[in-house]
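Note sheet for the following structure.
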Amino acid sequence: MPEHTAASRLRLSGLCFLLQILNILLFAVFARYSPESSPSHCPPQLDCSQRNQDSGFQQPRFWDVHIQVLLSFGLLVAFLSRYGPGSAAISILIVAFTIQWAVLLQGFFYFFLNGKIYLGAQSMVSADFCTAAVLISTGAVLGRVNPVQMLLLALLEVTVCTLNEYILLSLMGVRDSGRSLTVHTFGAYFGLMVSRVLYQPHKDKRKREEQQDMGHQLDVFAVVGTIYLWIFWPSFTSATTVLDNAENWAALNTYFSLVASTVATFILSPVLYEESTPRMVQIQDATLAGMAVMGMAGEMLVTPFGALIAGFLAGLISPLGFRFFTPVLHSRLKIQDTCGVHNIHGLPGILGALLGTLLTLLATADTYGDSTPSEAITQSHEPVRTSSQKPVPSLACRLELVFPLIAQGSRTITDQALIQLSALPLTLLLAALGGCLTGAVLKTKVLRSPPDAQYLENTVLWEVAEERCDPRAGGKELGISTLV
């Protein structure tokens, strides 16, 4: 085994040991299970306004979100033939570390009382959201950083991501249940700024060649990852909605956006590329884009045709971005985007933020009353019943689900819309500053691999054998991955 590979493996082992011991000590000193989680009661001393700590929390929702983060995102980064096994292994390591670190940091911001952090099941869901942002960022630098740098990136990004989320959701009162801003937009542009700082032009040609060496496993991973996205992402989008009514809106809107973005890809891809039908990876990208755009607007009142329009636009933006904007990022801005996170998370996330701002301007009692039967519109706040005898929330209740400050009269519609809009440049600013700082740390000499080891950076855990010909495969060259 080459000397630099052994040294890298030992550095990774040592860093994992130190970080895990740190997490264990911090959990031992500060973390406790919340006794209020069982009776669905939140003490007034804790900030539960945005988190709804375990109130009405459904355990399947946590399973869906966790499977989504672990499997879907893990499969999305395992698409390079020589980097695939190592990427999958490192993504699991990042998930394992980031969840612990995010639970602690978010606990200090939201659930710190009398010197202790009180945790519940919803804390894990919030940590999964933060983990998703980190995995999105790693997609921008995939193949150009070693596992030690990946762990340090997660360590620093969780800190900035938690700060951004706290400012937006708690201090400013921004509504972003599906995390268009705090996950998709933040994660994409944080990773892009790290990639810009780490830009190495003399390595670029070799990396582009490696990106093209994808093999048949690309479509296999894309198929499985897309299936998981279709199954679990609506739960991901609706996991932090307040009540079941809003959860249903978020899930339905996400599905409508998903189907429209997929159709848009079949419309545009044959025009942009000389292919009769899109490749599976393009459908996967459209699925991500259609879901990212509904992150903020998912719980808001979006008519079915509105969700279809938003998804259709996102499905057009993604292939257009790959075709025209990605070359500009690389040639003019010197940003290498391995997985195309700018087109499948960044741009759709921005579109979702703008859509959320527009829907906020339409957040009136009359608008929210469109789904209530005309005979049920009264001045009373009592729930009305349909022929099926199921309660239908009154106008005030519907508005209060999504915009409680507007319903209570504490904030005007215009003020809330301006706050929703201002959250976008603030998120971009924090992502850019945090990404530059993290990139500068990762670029230090002690963390960089020797120049001749750059090609094996992402294979510290996995050794990729030389390609060989398999006579049973018709002379095709195959690569074999073995654990180091």
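The first residue in the sequence is number 1, and the count goes up from there.
Between Ile117 and Tyr110, every side-chain heavy-atom pair lies at or beyond the 4.5 Å cut-off. Taking 4.5 Å as the limit, some side-chain heavy atom of Leu354 sits within range of a side-chain heavy atom of Leu424. For the pair Thr262/Trp230, a side-chain contact is recorded, criterion being any heavy-atom separation below 4.5 Å from C-beta on. Here the side chains of Ser257 and Met291 are not in contact, with every heavy-atom distance at 4.5 Å or above. Using a 4.5 Å cut-off on side-chain heavy atoms (C-beta onward), Leu430 and Phe190 make no contact. Between Leu320 and Phe325 there is no side-chain heavy-atom pair separated by less than 4.5 Å. The side-chain heavy atoms of Val293 and Ser180, taken from C-beta on, include no pair separated by under 4.5 Å. Between Met296 and Arg179, every side-chain heavy-atom pair lies at or beyond the 4.5 Å cut-off.
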When the side chains of residues 151-159 are checked against the rest of the protein, which donor-acceptor pairs come out under 3.5 Å, sequence neighbours left out?
unit_1: Glu157; atom_1: OE1; unit_2: Ser137; atom_2: OG; d: 3.1
unit_1: Glu157; atom_1: OE2; unit_2: Ser137; atom_2: OG; d: 2.6
unit_1: Thr159; atom_1: OG1; unit_2: Leu155; atom_2: O; d: 3.2

Show every donor-acceptor pair shorter than 3.5 Å between a side-chain atom in residues 435-442 and any protein atom, with sequence neighbours excluded, or say none if there are none.
unit_1: Thr438; atom_1: OG1; unit_2: Gly434; atom_2: O; d: 2.8

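Listed by chain and number, the residues in a ring-ring contact (aromatic ring centres under 6.0 Å, His included) with Phe256 amount to none (sequence neighbours excluded). Legend: residues meeting ring-ring contact (aromatic ring centres under 6.0 Å, His included) with Phe322, ordered by chain and number and at least two apart, are absent. Evaluation of the side chain to side chain contact (heavy atoms under 4.5 Å, CB included) rule for Ile21 yields Phe17, Leu25 as partners, not counting sequence neighbours. Checked against ring-ring contact (aromatic ring centres under 6.0 Å, His included), Phe30 has the following partners two or more places apart in sequence or in another chain: Phe108.
In this structure, Gln416 contributes its side chain and Gly173 its backbone to a donor-acceptor pair below 3.5 Å. Between the Thr360 side chain and the Ala417 main chain, no donor and acceptor come within less than 3.5 Å of each other. The closest donor-acceptor contact from the side chain of Ser123 to the backbone of Gly120 lies under 3.5 Å. Within the 3.5 Å criterion, the main-chain N or O of Ile406 finds no donor-acceptor partner in the side chain of Ser410. Between the Ser318 side chain and the Ala314 main chain, no donor and acceptor come within less than 3.5 Å of each other. Using modelled atom types, one side-chain atom of Thr98 and one backbone atom of Ile94 make a donor-acceptor pair closer than 3.5 Å. A donor-acceptor contact shorter than 3.5 Å links the side chain of Lys116 to the backbone of Val29. Counting only distance, with no hydrogens or angles, the side chain of Thr254 and the backbone of Ala250 share a donor-acceptor pair below 3.5 Å.
Across all non-hydrogen atoms, the minimal contact from Ala363 to Ile413 is O-CD1, 3.1 Å. Closest of all the heavy-atom pairs between Gln106 and Cys130 is NE2-CB, 3.8 Å. Ile419 and Met172 make their closest contact through CG2-O, 3.4 Å (heavy atoms, listed as atom of the first residue, atom of the second, distance). Shortest non-hydrogen contact noted between Ala132 and Val183 is CB-CG1, 3.9 Å. Closest approach of Leu351 and Leu313 over heavy atoms only: CD2-CB, 4.0 Å. In terms of heavy atoms, Val141 sits closest to Gly191 at CG1-O, 4.0 Å.
Among the candidates Arg144, Lys334, Gln336, the single residue satisfying the side chain to side chain donor-acceptor pair (under 3.5 Å) test with Ser195 is Arg144. Here the options are Asp337, Asp285, Thr326, the test is side chain to side chain donor-acceptor pair (under 3.5 Å), and the partner is Asn343; only Thr326 passes.
Remark: aromatic rings of Tyr118 and Phe111 are distant, center separation not under 6.0 Å. Ring pair His342/Tyr189: centre-to-centre distance below 6.0 Å.
One distance of note links CZ of Phe97 with CG of Leu15; it measures 8.0 Å at 0.5 Å rounding. In this structure, Leu272 CG and Leu316 CG are separated by 9.5 Å, a value rounded to the nearest 0.5 Å. Rounding to the nearest 0.5 Å places CG of Leu181 at 4.5 Å from OG1 of Thr427. Distance check: Leu308 CG to Asn253 CG gives 9.5 Å after rounding to the nearest 0.5 Å. Remark: Asp176 CG to Thr182 OG1 distance equals 4.5 Å, nearest 0.5 Å. Atom CD of Glu165 sits about 11.0 Å away from atom CD1 of Ile167, to the nearest 0.5 Å.
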Original post:
Is there a side-chain contact (heavy atoms from CB on, under 4.5 Å) between Leu426 and Leu168 once you walk through the steps?
Top reply: CA-CA 9 Å; Leu426 179 58; Leu168 264 59; 3.7 Å; yes
Original post:
Stepwise, does the side chain to side chain donor-acceptor pair (under 3.5 Å) test hold for Thr131 with Asp128?
Top reply: CA-CA 5 Å; Thr131 302; Asp128 277 329; 4.7 Å; no
**OP:** Please report the C-alpha distance between Leu171 and Tyr166 in whole Å, then the side-chain angles of each, then the deciding distance to 0.1 Å, and finally whether the side-chain contact (heavy atoms from CB on, under 4.5 Å) criterion is met.
**Re:** CA-CA 7 Å; Leu171 300 184; Tyr166 179 74; 3.8 Å; yes
Original post:
What's the verdict on side-chain contact (heavy atoms from CB on, under 4.5 Å) for Arg32 and Leu119, showing C-alpha distance, side-chain angles and the deciding distance?
Top reply: CA-CA 6 Å; Arg32 298 293 184 272; Leu119 307 178; over 6 Å; no
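Relative ring orientation between His184 and His345 is described as parallel, the plane-to-plane angle staying below 30° on a 0-90° scale split at 30° and 60°.
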